[in-house]
Amino acid sequence: MQISVLFQAPSRVSNPTLFEQKLSDLHKCTNLNQLKQIQALIYRANLHEDAFVAPKLIASFSLCRQIALAVQVFDQIQEPNVQLYNTLIRAHIQNSQPSQALAAFFEMRNRGVWPDNFTYPFVLKACSGQDSLRLVQMIHTHVEKYGFGSDIFVPNSLIDSYSKCGSMGIQAARKLFMVMVERDLVSWNSMVGGLVKAGELREARQLFDEMPERDTVSWNTILGGYVKAAEMDSAFELFQKMPERNVVSWSTMVSGYCKVGDMAMARMLFDKMSTKNLVAWTIIISGYAEKGLENDAISLYNKMEEAGLKIDDAPIISILAACAESGLLGLGNRVQSSMERNRYKCSTHVSNALVDMYAKCGRFNRALSVFNGMEKRDLVSWNAIIQGSAMHGHEEETLQLFSRMKQEGFVPDKVTFVGVLCACTHAGFVEEGIHYFQTMERDYGIVPQIEHYGCMIDLFARDGCLTEAFRLVHTMPLEPNAIIWGSQNPSGASSIELDGIQKWKSNSIGSTLENTAEKALAAALPSSLCAAMNFPRKVKKGILWSHSGASALDGIRMTLFSQQRAMVKDSPL
DNA sequence: CTAGGGTTAG
C-alpha cells in the first residue's frame, strides 16, 4: 500500500486519476483505521459508486471482518452490477454468512441482474447445511440453462458442492464428472476428494490411479482418505511414495497417528517436519490433549508460543475443545492465560469454547463468568451455558437461563432442548419435562432425536414410571441404543436394564451389537448426564452411575481424571 | 490501463 502519499498530499485527492492509481491496492488493505480514512476520501472525491473502487472497498472491509461496513458500502450504490454482487456474495462467505450470501444471490436475481460465470463458484460455496442438495441442483439447472458449464471453474465447483451433500450428492457429482467434456486437475482432485468424503476409499484410490497427472493436492487428498479410515499402514506407504511432500502431507500423517493413538509415531513425524505451521502445532497439541497427556500438550503449547507463530481463533478453539473433551483444566487455563497475556481479543466463538471447556472441566462458575463477560452472545453461547448449568445440577438456574435466552430473542434449537430436558430429568421435574418435550416439536418444529428420547426415558425411569419409560422406548420412531437401555431408576436401578436386555435379546433389536448386555451396562450413564451432554469421552466410556446428585459430579470427575480410568459406582450388577 | 473464481490438512 502506498497510501501515505495520499495523506501527505491531500490536494491531489481531487485528481481522480491519481486517486485511482493510489487505490489500486485498496482491496488488500487490512488495516481498518487506514481503510476508514481512505473511505472518507473516496466519498469526498465522490468515487464511492465507481465501478472499480466500490468492489475494492467492499473486499477490504470484508477482509477486515467488517461485513456490516461492506454491506453499507454496497447499499449506497444505486444500481449494483454483477461484479458488485459477486464481491458482496464473496464477502458474506468470507465472513461465514452463507445464508446471507445466498440471500444476496436471490436478491440479485430479483433485481434482474444476471449472474455470470464468476457468480456460481461463490454461490455454490454458500450452499451448505440443510437442504443443500436441492440448492445445488437448482444452481446446476441454472448453469446448464445459461451455458456457464463451459467455464471449467463452474462444473468443478459443482462437483465439490455436490460432494458435500451426502450419499445422494456424491451420485450427482459422479454423474457430472462422467459427462464433463473437459476435465482438469482440479476436477479430478475434487472428485477424488468427494469420494473420500463419502467413504468410498477404494473408488477414490482407483480414480487417483487413473488420473492423467497428479499434484501434491491429489496425493494429500488420497492420503487423507487413508488417514480418515485409520489405515495408517497404507497411508505411510503412500506417504513414502509421494514425489513431493508439503506441510499438509506431514500434518495429515501426524493427525492420523494421533487418531490411532500412536503418539510416538506422531511425535516423530512432527519433529521431522521442517516447516511447522499453526495447523501442524494444533494437530499435535490436540492429539496429546485428546489422549489426556496434559503435560506433553502444555509443553508443546509453550514451544509453539516460543516459535513465535501468530495464533488465531481456529487453533485456540480446537485446543479448548480437546480440553473440554478430556477434562484438561490445566491446559485450558494455560490457553486462557496466554490469551490474556497477549491481549488476544476473544471472539464469540472463542468465548463459547471457553464456556464449554470450563463447564466440562467442572468449573461452572468460571464458565458463567466468561459467559457473563461476553460482548456478543449467539445461540451456541446460550446452549453451552445451559448445558453446563444442567450438567452441574443447577436445574432451576438452567430453566431461568432458558427463559432469559428466549426473552433476549434467541430461538432454541435441538441442542438447547437437550440441556433443558436434562435439567428436568436431573431434578425430577416430570411435568416440566413433558411440557418442554411437547413444546419442542409443537412450537419450534424440532423433531426429537435419540438424545431427547433418552432424557425423557430417563426422566420416567428415575421417577419409577418404568411402564411409561418402556412405552416411550417402543413407540419412539428411532432404534434404541445402549444409552437408552441404560436408563435407570433410583430404587431398583437395574430393573430397566435387565428387562431391557431381555427384550433386546428376544426382539433382536440390537442384533448388530455383540455382548449386548455389557455394552448396555458399560454405557449406563444416565442419559441426562452423559449422552446428550457431550460429557468428556472418558466419563462416557465406562462409568456406571446410579442416581447421583450433582454434588457428586466433581468428586467423581476428580477421581476419573486423576486415575485416568472409569469409576464404578452403585453398579447394578 | 484498472476488480473478482475452484481442490487438500485444524
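Reminder, nothing fancy here: chain letters follow the sequence lines and each chain counts from 1.
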Return all side-chain donor-acceptor pairs below 3.5 angstrom for residues 139-147 of chain A, not counting sequence neighbours, or 'none' if the list is empty.
residue, atom, partner, partner atom, Å
A:H140, ND1, A:Y162, OH, 2.8
A:T141, OG1, A:Q137, O, 2.8

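- With B:dA3, B:dG4, B:dG6 as the choices, the nucleotide that has an atom nearest any side-chain atom of A:P55 turns out to be B:dA3.
- Contact annotation for A:S255: no contact, since no heavy-atom pair falls under 4.0 Å across all strands.
- The distance from atom CD1 of A:I89 to atom P of B:dG4 is 16 Å, rounded to the nearest whole Å.
- A:N117 has its CG atom 14 Å from the C1' atom of B:dA3, to the nearest Å.
- Counting only heavy atoms from C-beta on, A:F153 has its side chain closest to B:dG6 among B:dG4, B:dG10, B:dG6.
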Give the table of side-chain donor-acceptor pairs shorter than 3.5 Å for residues 250-257 of chain A, with sequence neighbours excluded, one pair per line with atom names and distance.
residue, atom, partner, partner atom, Å
A:S251, OG, A:V247, O, 2.7
A:T252, OG1, A:V248, O, 2.6
A:S255, OG, A:T252, O, 3.0

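- Under the rule for a side-chain contact (heavy atoms from CB on, under 4.5 Å), the partners of A:S218 that lie at least two apart in sequence or sit in another chain are A:L185, A:N189, A:F208, A:M211, A:R214, A:D215.
- Computed from coordinates, the A:I77 CD1 to B:dA3 P distance equals 17 Å when rounded to whole Å.
- As rounded to whole Å, 13 Å separates atom C1' of B:dA9 from atom NZ of A:K259.
- Checking side-chain atoms of A:R65 against main-chain N and O of A:Q94 turns up a donor-acceptor pair under 3.5 Å.
- Across B:dG6, B:dG10, B:dT8, the shortest atom-to-atom separation from the side chain of A:K197 is found for B:dT8.
- The salt bridge (Lys or Arg N to Asp or Glu O under 4.0 Å) analysis of residues 103-113 of chain A, with sequence neighbours excluded, yields the pairs A:E107-A:R111.
- Less than 4.0 Å separates DNA chain B from at least one heavy atom of each of the following residues of residues 156-190 of chain A: A:N156, A:S157, A:D160, A:D184, A:V186, A:N189, A:S190.
- When the nucleotides B:dT8, B:dG10, B:dG4 are ranked by their closest atom to the side chain of A:V248, B:dT8 comes out on top.
- Contacts classified as ring pair (Phe, Tyr, Trp, His ring centres under 6.0 Å) and involving residues 276-302 of chain A (residues at least two apart or in different chains) are given here: A:F270-A:W281.
- Separation of the A:Y85 and A:F74 ring centroids falls under the 6.0 Å cut-off.
- Taking atom CG of residue A:L88 and atom C1' of nucleotide B:dA3, one finds them 15 Å apart after rounding to whole Å.
- A:N81 comes within 4.0 angstrom of no nucleic acid atom, judged by non-hydrogen atoms across all strands.
- Every stem involving DNA chain B, taken as at least 3 paired positions in a row under the Watson-Crick or G-U wobble test at 3.5 Å, would be listed here, but there are none.
- For A:V217, counting side-chain heavy atoms from C-beta on, the closest listed nucleotide (B:dG10, B:dT8, B:dA9) is B:dT8.
- Put simply, the side chain of A:S299 does not reach to within 4.5 Å of the side chain of A:N295, judged on heavy atoms.
- Of the candidates B:dG10, B:dA9, B:dT8, B:dT8 carries the atom nearest the A:N220 side chain, counting heavy atoms from C-beta on.
- Checking B:dG4, B:dT8, B:dG6 against the side-chain heavy atoms of A:F118 singles out B:dG4 as nearest.
- With sequence neighbours excluded, no residue forms a side-chain contact (heavy atoms from CB on, under 4.5 Å) with A:R343.
- For A:M211 and B:dT7, the CE to P distance is 15 Å, given to the nearest whole Å.
- Out of B:dG10, B:dT8, B:dG6, the shortest distance to the side chain of A:T282 is found at B:dG10.
- For A:F236, the ring-ring contact (aromatic ring centres under 6.0 Å, His included) criterion is met by no residue, not counting sequence neighbours.
- The stretch residues 261-281 of chain A touches DNA chain B through A:N277, A:L278, A:V279, each having a heavy atom under 4.0 angstrom from the strand.
- Salt bridge A:E375/A:K345: present, at least one basic N to carboxylate O contact under 4.0 Å.
- Applying the side-chain contact (heavy atoms from CB on, under 4.5 Å) criterion to A:S99, with sequence neighbours excluded, gives no partner residue.
- Of the candidates B:dA3, B:dG6, B:dG10, B:dA3 carries the atom nearest the A:K56 side chain, counting heavy atoms from C-beta on.
- Not counting sequence neighbours, the partners of A:D313 by the side-chain contact (heavy atoms from CB on, under 4.5 Å) test are A:I317, A:Y344, A:S347, A:V350.
- As a whole-Å value, the separation of A:L57 CG from B:dA3 P is 16 Å.
- Rounded to whole angstrom, the span from the CD atom of A:E244 across to the P atom of B:dT8 amounts to 19 Å.
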